[in-house]
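First listed ligand is number 1; within each ligand, the first listed atom is number 1. Quick note: residue numbers are just sequence positions, from 1. The figures that follow rest on heavy atoms only: side chains count, while hydrogens, waters and symmetry mates do not. All values derive from a computational prediction rather than experimental measurement.
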Amino acid sequence: MSATELRDAILKHLEYSQGKDLAHASLYDMRMALTLAIRDKVIEPWFRATRATYAAQSKRVYYLSMEFLIGRLLEDAIMNVGLTESAREAVLGLGFDFEAVLNDEPDAALGNGGLGRLAACFLDSMSTLGCPAYGYGIRYEHGLFRQSFGPDGRQIETAEDWLRQSHGWEFERPEAAFRIGFGGTVAESGRSAVWTPESAVMAKAYDTPIVGWQGKWANTLRLWGAEPLRAFDLNAFNKGDFTGAAAPEALARTISRVLYPDDTTAQGKELRLKQEFFFTAASLRDILRRFASEHSDLSALSSRVAIQMNDTHPAIAGPELVRLLHDERGMEFDKAVETARACLGYTNHTLMPEALERWPETLMAQVLPRHMQIIERIDAGHARQYPSRTVSIVENGEVKMGELSFIMANKVNGVSALHTELVKDTVFAELHALHPDRIVNETNGVTPRRWVKGANPGLAGLITETIGEGWEDHLERLVELEPAIGDQGFRDRFAAIKAENKVALANWIGTEMGIPVNPDAMFDVQIKRFHEYKRQHLNILETIALWQEIRANPDAGWAPRVKIFGGKAAPGYVMAKEIIHLINNVARIINADKTTRELLTVVYPPNYNVTMAERLIPASDLSEQISTAGKEASGTGNMKFSLNGALTIGTLDGANVEIRDLVGAENFFLFGMTADEVVECRKTPDHAARAIAQSKRLKAAIEMIESGAFSHGDKAMYRGVTQNLRTHDYFTVCADFDSYWDAQRRVDRAWFQRDDWTRIAALNTARTGWFSSDRTIKGYMADIWKVAPMI
Ligand code: F58
């Protein structure tokens, strides 16, 4: 499609879809018209893929995920259909700034962090590989909250509203709607049971086509919105009860209102369970409907259907599928369990006990009475089959969704090599012993289309110039860059691209935050959700210690640094919010110090999201991956940084281990205890106090916080953080501090060997092509789904 043709298509949509002529078109109109023109280009591969899948009666993958953190879609789609240049020219020709049009699109933030972003990268890779697949999730009216900082530096959350403007990518499917019930009673009827729900909502489908690289294939992301069975109560309305008339609608819509509502209250918890059942049940019905349109023999289900449960959030898929097969379709119970298991896979993303879902048995029985019975029967069946077992799904009045998922899946996977071994040795040790072939590893990956080509066009250009075209969907080819890294010319180009990205980021920070940053300084970046195990407080403690040393010894040859933080804390996570508050106030004090101004700046732009990551990562020199070993399942940001030529300072945790293996130990700033050592360390009750006593820098940094230096003299302001460090310190910040400090000084020294730094940065890019999510998806297809690619 030429620029002129695209221009005409845009004008047509401006007129007939937006109802505007060019003279009166707003930025929004132009963005929508461009979106619709590009969407038209996606329809053809979308139909073709759907028809090919039906014609071949292929097995399909169904990726069930509570979260899809897709970010913006327009730029990515334009790139995938190969129209970037035409679009730029067309939009420019119509008198609009292309970047401004792209920037007008809101981020679809239907996820919290890594888990949701992984699902989005997987959609991209499944389409790129021609893996027939559907993503199934919830069409949240409000995605992840918007973050701002109050004048005092505290996190403030406000509702996000990406759907305030119409969502140009989706197609509403009123015909694809299912009634989803909750509560009620169960009546025995012969060998099965009849569940009569007490209440119900409609799940209505909204489809977004997801086009792969070069537009060869497109899959569907089907998101469910909740609606009332009947629109509203006309009788109540006619009697003047306007609020009461709208009540059923409001109640129903609550289910798809917000992403992960606060579950610290009983109502919140119940809503979350309803959300999980809502989207899982609707998806399963849709899957069985599609299967029935092609086949009649349900015992062949697993040869046509692979359902992946992204974490335990869709774990109710096990019992629900059993119910649909047994209660509703008459399949014998044990066979229904076998059939369901043959279809289901389960991905585990965390070992942290508090993050492994458990539901009170009473709540489960109240919201899903029939499912509770089925869960007990599955549990009993497993116990009969493995009489020696001590684990069970229902224990101490709770339903353990991890155990349920494990028992109902034919494959269970971890998300990095280390994590998978820990899954085997810790959370699922006993189940692993009973089912030794069930756990497999599929190390995470990221899509190079969005995270290299889209986010870092300069680097992408250099790669293409050096190794030719075609690396975008064969990222392992990046190793071909290695010989070029020996050339001074290549290294200069590589360094120049990084420098350009840094200038762009520095300008953005200047405009957005009013903080001047020196683009020649090292950009040292930690962006991710705020959590104690991710240890943003280790980073800020080191920052305080560094500031102190620079002040005491300004001419010691410090590497100038800009410390950049980004990330949100869960609204109810008090400690994480205190760390955010502390970072903002440390930034306020340090940035005001004229004596250290040139050497140290701390910036923390609010509302970190996918779009901000796309801006920060290509401009980063140092990637902070400093979690307590054994706690970060994989990480995916770590991969994005390496691919974009940042060096990593990190622990032996998650996929850091594999990154280090690939880039070479000499090119990675390793510090801290191993996972085993952390476990050992915790056995010494005063490990934190000892570490503080031994480290004058750490001691001084903590004391400085306690002195009120960052809280207008208020000594108690950050007691939550400091007292925790002094006493409990479960995440071993203190025990790792000195090692981290030393690693940071190695970073300083390396920074001054600028050409060598660039060499290592380029090696990071060249050696991390393995982290393409295409490789990950090929692994799932071969090991778990047993699905062949269609292109
Ligand atoms: C993340 N989990 C892991 N959970 O922490 C990270 O190591 C891994 O790389 C990533 O999954 C992908 O495998 C994660 O992001 C969540 O966001 C939870 C979702 C449900 C609510 C609580 C947070």
Has Arg117 got any heavy atom lying under 4.0 angstrom from an atom of ligand 1?
->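 Outside the 4.0 Å threshold, so no.
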With a 4.0 Å cut-off on heavy atoms, does Glu67 reach ligand 1?
-> yes
Hey, which atoms in ligand 1 end up nearer than 4.0 Å to a heavy atom of [X]?
X      : answer
Ala633 : 7 (O)
His313 : 19 (C), 20 (C)
Tyr533 : 5 (O)

Test side-chain hydrogen bond (donor to acceptor under 3.5 Å, both in side chains) applied to Ser642 and Asn764, Thr768, Asn667, Asn656, the passing residue |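 Testing Ser642 for a side-chain hydrogen bond (donor to acceptor under 3.5 Å, both in side chains) against Asn764, Thr768, Asn667, Asn656 leaves exactly one candidate, Asn764.
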Taking the six-membered ring where the residue is Trp, are the ring centres of [X] and [Y] under 6.0 Å apart?
X      : Y      : answer
Tyr604 : Phe149 : yes
Phe122 : Tyr63  : yes
Tyr533 : His531 : yes

With backbone taken as N, CA, C and O and side chain as the heavy atoms from C-beta onward, which portion of [X] lies under 4.0 Å from ligand 1: side chain, backbone, both, or neither?
X      : result
Arg529 : neither
Asn444 : side chain
Met66  : neither

Qualifying residue for side chain to side chain contact (heavy atoms under 4.5 Å, CB included) with Met126, from Tyr134, Tyr780, Trp785 |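 The single option meeting the side chain to side chain contact (heavy atoms under 4.5 Å, CB included) with Met126 is Trp785.
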What residue among Lys528, Glu542, Lys563, Gln536 forms side chain to side chain contact (heavy atoms under 4.5 Å, CB included) with Glu624?
->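 Filter result, single survivor: Lys563.
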Ion pair present between Lys778 and Asp783, side-chain N to carboxylate O less than 4.0 angstrom?
->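 Salt bridge: no.
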Are any non-hydrogen protein atoms located under 4.0 Å from atom 18 (C) of ligand 1?
->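 Neighbour list for atom 18 (C) of ligand 1 is empty of protein heavy atoms (cut-off 4.0 Å).
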Is atom 23 (C) of ligand 1 less than 4.0 angstrom from at least one protein heavy atom?
->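 It does not: no protein heavy atom is found less than 4.0 Å away from atom 23 (C) of ligand 1.
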Roughly how far apart are Leu118 CG and His349 NE2, rounded to 0.5 Å?
->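 Answer for the CG-NE2 pair, Leu118 versus His349, is 6.0 Å.
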Output yes when the distance from some N or O of ligand 1 to some N or O of Gly116 is under 3.5 Å, and no in every other case.
-> no
For [atom], what is the nearest protein heavy atom, given as residue, atom name and distance?
atom                    : result
atom 9 (O) of ligand 1  : Gly635 N, 2.7 Å
atom 6 (C) of ligand 1  : Glu632 OE2, 3.3 Å
atom 13 (O) of ligand 1 : His349 ND1, 2.6 Å

Give the single entry among Leu144, Asn112, Leu115 that approaches atom 1 (C) of ligand 1 most closely by any heavy atom.
-> Leu115
Given Arg535 and Asp736, is the salt bridge (Lys or Arg N to Asp or Glu O under 4.0 Å) satisfied, shown in steps?
-> CA-CA 11 Å; Arg535 301 198 292 191; Asp736 270 348; 3.0 Å; yes
side-chain hydrogen bond (donor to acceptor under 3.5 Å, both in side chains) between Ser773 and Ser125, intermediate numbers included | CA-CA 6 Å; Ser773 46; Ser125 283; 2.8 Å; yes
